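Because only heavy atoms are used, hydrogens play no part in the values below, and waters and symmetry mates are left out as well, while side chains stay in. Note that this is a predicted model, so its numbers are computed, not measured.
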Amino acid sequence: MSADNGFIPRLKTAVLGSAERPLVFVGNFEVEEQWAVDEQGLPRVSAPGGMAVVNSMDEFALLLGGKRDHVVLKHAPDPGYRGYLEGLGLDLPQIHVITDPDPARTVSQDALHDPWLIAALSALRTDEAHLLAHGVSAVEEELSTATGLPLAAPDAARCKAVNSKIYSRRIATQLGLRQPNGWACDTLDLLDEAVAEAASVLATGRRVVVKEAFGVSGKGISVVSDERRLDRLRRMISATARRKGRDRIAFVVEEWVDKRADLNYQFTVSRDGSVHFDFVKELITEHGVHKGHRIPPRLDEKQIEIIRSAAQALGGRLAADGYYGVVGVDAIVEPDGGVFPVLEINARNNMSTYQVPIQERFVTAGETAMARHYSLRLGASVGFDRVRDVLGDLLFDGAGSGLLVNNFATVNAGAQTADGAPFAGRLYGVLIGDSVAEVDRIDARIERALAVLQQD
C-alpha cells in the first residue's frame, strides 16, 4: 500500500483536512482513568508496577508517525530497539523525551511537568502541528493550552460523553443494532429497575455483568451469578452515591452472553461526517483481559457485512453528535455464528490502531498476523540486544516470518517501582507468517525462547 493511501495520511485528512500537516503523537493509554475521575466505580486493586507498565505503553505511538511527525515519550527508546526499527526501513518521527518521568503518571501528565518539553512543543506551532492523543481528557486539553498546539480531536467533554458505555447502549438501541439484553443506569432509580429485571435473568441460571461506564482493560466489571451478590452491588453503589449527596451514577447492567469469539473493529469519522471502515480483527483475551489480535479474523462475508453496516450507522451517529477521529468498537460472535455488532464504543485510539502501519508495510496479501504480548518475570532489566540474541531468527527482519517488536519500553517498566525485587514486564509484537499454523508454531517457539530471560 502506498504512503498516500495509508492509514495515517487518511487519518490526517479526516481530522485536519490535509495529509501534509504534522502530528504530535501522545500515547496516554487508559485515558478512561481520567474520564472516570468524577465517576463512582466498583472496588478495584491496582499495583504500582502495573501502572508503570501501562504508562510505558506510550512507546506504541513511535510507530504511528513519519519523519515529519513528532512523538512524546516518557523514556528514550532503547538504542538497540531504535536501531532495529530503523533497520526495518521505518522513518521514525522526531522524538521528544520527558526530562523527569514519573512511572505513576501518564505521558501527558509528565509533559505538563516538563517546562523544557512544553517549550519544544510550543515551537512546533509554526509548522501547524496538532496534538493527536490516544484519547482526549482534561489533561490533554491542558497540554494543548500549555503548548499552543491545537488538538486533532473534539474537546474532552465530547470525547468522554461518546465513550460512556451508557452512550453505547442507548445509541445502539436507537439505531436498531443487536446487543445483549441490558439496562443503562445513570440514576439510582434506573439502577433499582435494572437490578429488579436482572433478577429474572439470574433466576433462570444465567449470569449478568455490572460494568462501570468508563471501565477499561478488564477493570470496573463484575460478573454476577446470584441475586444476593447483585443486590449487594446495588446497595453499595446506592450508599456511596447518597453519601456523596448525588443521584447521578454511570453503570451498565447486561445479560452475560456466550461467545465463540471477541471482535474489535475500527472506523474513522471525518470532520465532514464521512465514515471510512478501517478493519475488523479477532481479539485474543485471557480472563477478560485483552492479550492481542488475530489478523485476519475468522469471519464469513455475512458476518463482515453486519460489522461494516454497524460501523456506518455508528459513525454517522457519532458525526451527528460532534465526534470525529478514530473509533474502535467491541463486538462478539456467538457459538452459532450470530453477531452482536456493538458491546461498547471506544472513540479513541485502540491497541489495534497501533498495528495498522506495520500491517500496511509488512503483512502481504495472503499472510497471517497475530498481535500479542508476552508476559515476563524478570530479576533485572534487559536490553533489546539481549532479547534479539535470545530470539535469533524468530525476530522479524523485514521479510519472511517472525516477531516484529512494536513496544520494548514495557519490558523493563516494572523495574522502576520494584526496588530491586523481581518485576513483571511485557514484550509486545506482531507475529507474521504464511499461515495460522506457522504463526502458532512461531508463537510457541518464542514463548520457549523468552523463558531464558526469566532465568538470567
Where do Gln355 and His293 land on the side-chain hydrogen bond (donor to acceptor under 3.5 Å, both in side chains) test, with the steps shown first? CA-CA 10 Å; Gln355 301 153 12; His293 298 91; 3.1 Å; yes
Angle between ring planes, Phe384 versus Tyr81, binned at 30° and 60°: parallel, tilted or perpendicular?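 Ring orientation, 0 to 90° scale: tilted.
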In terms of ring plane angle, is the pair His134 and Phe29 parallel, tilted or perpendicular, where the classes change at 30° and 60°?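 Parallel: the ring planes of His134 and Phe29 meet at under 30°.
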Side-chain contact test, heavy atoms from C-beta onward, threshold under 4.5 Å: evaluate it for Leu16 versus Leu23 and give yes or no.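 Yes, side chains in contact.
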Hey, are Asp258 and Arg207 close enough for a salt bridge, meaning a charged N less than 4.0 Å from a carboxylate O?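 Salt bridge: no.
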Does Asp186 come within less than 4.0 Å of Arg248, counting only side-chain N to carboxylate O?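 Judged by the 4.0 Å cut-off on N to carboxylate O distance, Asp186 and Arg248 do not form a salt bridge.
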Atom [atom1] of [X] and atom [atom2] of [Y]: how far apart are they, to the nearest 0.5 Å?
{"X": "Leu132", "Y": "Leu11", "atom1": "CG", "atom2": "CG", "result": "5.5 Å"}
{"X": "Thr187", "Y": "Leu190", "atom1": "OG1", "atom2": "CG", "result": "3.5 Å"}
{"X": "Leu62", "Y": "Leu85", "atom1": "CG", "atom2": "CG", "result": "6.0 Å"}
{"X": "His130", "Y": "Leu151", "atom1": "NE2", "atom2": "CG", "result": "8.5 Å"}
{"X": "Cys185", "Y": "Leu191", "atom1": "SG", "atom2": "CG", "result": "5.0 Å"}

Measure across [X] and [Y] and return the closest heavy-atom pair with its distance rounded to 0.1 Å.
{"X": "Phe214", "Y": "Glu32", "answer": "O-CB, 3.2 Å"}
{"X": "Phe267", "Y": "Val329", "answer": "CE2-CG2, 3.7 Å"}
{"X": "Glu59", "Y": "Pro77", "answer": "OE2-CA, 3.7 Å"}

Counting distance only, does the side-chain N/O of [X] pair as donor-acceptor with the main-chain N or O of [Y] below 3.5 Å?
{"X": "Arg271", "Y": "Val15", "result": "yes"}
{"X": "Trp35", "Y": "Ala157", "result": "no"}
{"X": "Asp102", "Y": "Asp100", "result": "no"}

Can Thr353 and Gln266 be said to form a side-chain hydrogen bond (donor to acceptor under 3.5 Å, both in side chains), step by step? CA-CA 8 Å; Thr353 306; Gln266 178 177 295; 2.6 Å; yes
Looking only at the aromatic ring of each residue, does the gap between the centers of Tyr265 and Phe279 stay below 6.0 angstrom?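 Between Tyr265 and Phe279, which both carry aromatic rings, the centre distance is not below 6.0 Å.
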Side-chain donor-acceptor distances from residues 299-313 under 3.5 Å, at least two apart:
residue	atom	partner	partner atom	Å
Asp300	OD1	Lys302	N	3.1
Asp300	OD1	Gln303	N	2.8
Gln303	OE1	Asp300	N	2.9
Gln303	NE2	Gly337	O	2.9
Gln312	NE2	Val275	O	3.4

Cation-pi, Tyr167 ring and Lys165 (6.0 angstrom, 45 degrees):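 Checked: cation-pi criterion not met.
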side-chain hydrogen bond (donor to acceptor under 3.5 Å, both in side chains) between Ser108 and Glu140, intermediate numbers included: CA-CA 6 Å; Ser108 302; Glu140 288 65 48; 2.6 Å; yes
Inspect the surroundings of CG in Asp419 and state if more than 12 heavy atoms from other residues, nucleotides or ligands are less than 6.0 Å away.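 No, not enclosed.
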With a cut-off of 6.0 Å (strictly less than), are more than 12 heavy atoms of other residues, nucleotides or ligands near CZ of Arg298?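 Check fails, neighbour count at 12 or below.
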Under a 3.5 Å threshold, yes or no: a donor from one side chain and an acceptor from the other, between Ser352 and Asn264?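 Yes.
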With side-chain hydrogen bond (donor to acceptor under 3.5 Å, both in side chains) as the criterion, how do Asn349 and Tyr354 come out once you've worked through the C-alpha distance, each side chain's angles and the decisive distance to 0.1 Å? CA-CA 8 Å; Asn349 285 354; Tyr354 299 94; 3.2 Å; yes
Looking at Asp110, Asp114, Asp58, which one forms a salt bridge (charged side-chain N to carboxylate O under 4.0 Å, His left out) with Lys74?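 Exactly one pass, corresponding to Asp110.
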Less than 3.5 Å apart, which donor and acceptor atoms pair up between the side chains of residues 176-183 and the rest of the protein, not counting sequence neighbours?
residue	atom	partner	partner atom	Å
Arg178	NH1	Glu334	OE1	2.9
Arg178	NH1	Val339	O	3.1
Arg178	NH2	Glu334	OE1	2.8
Arg178	NH2	Glu334	OE2	3.4
Gln179	NE2	Arg169	O	3.1
Gln179	NE2	Thr173	OG1	2.8
Trp183	NE1	Glu197	OE1	3.2

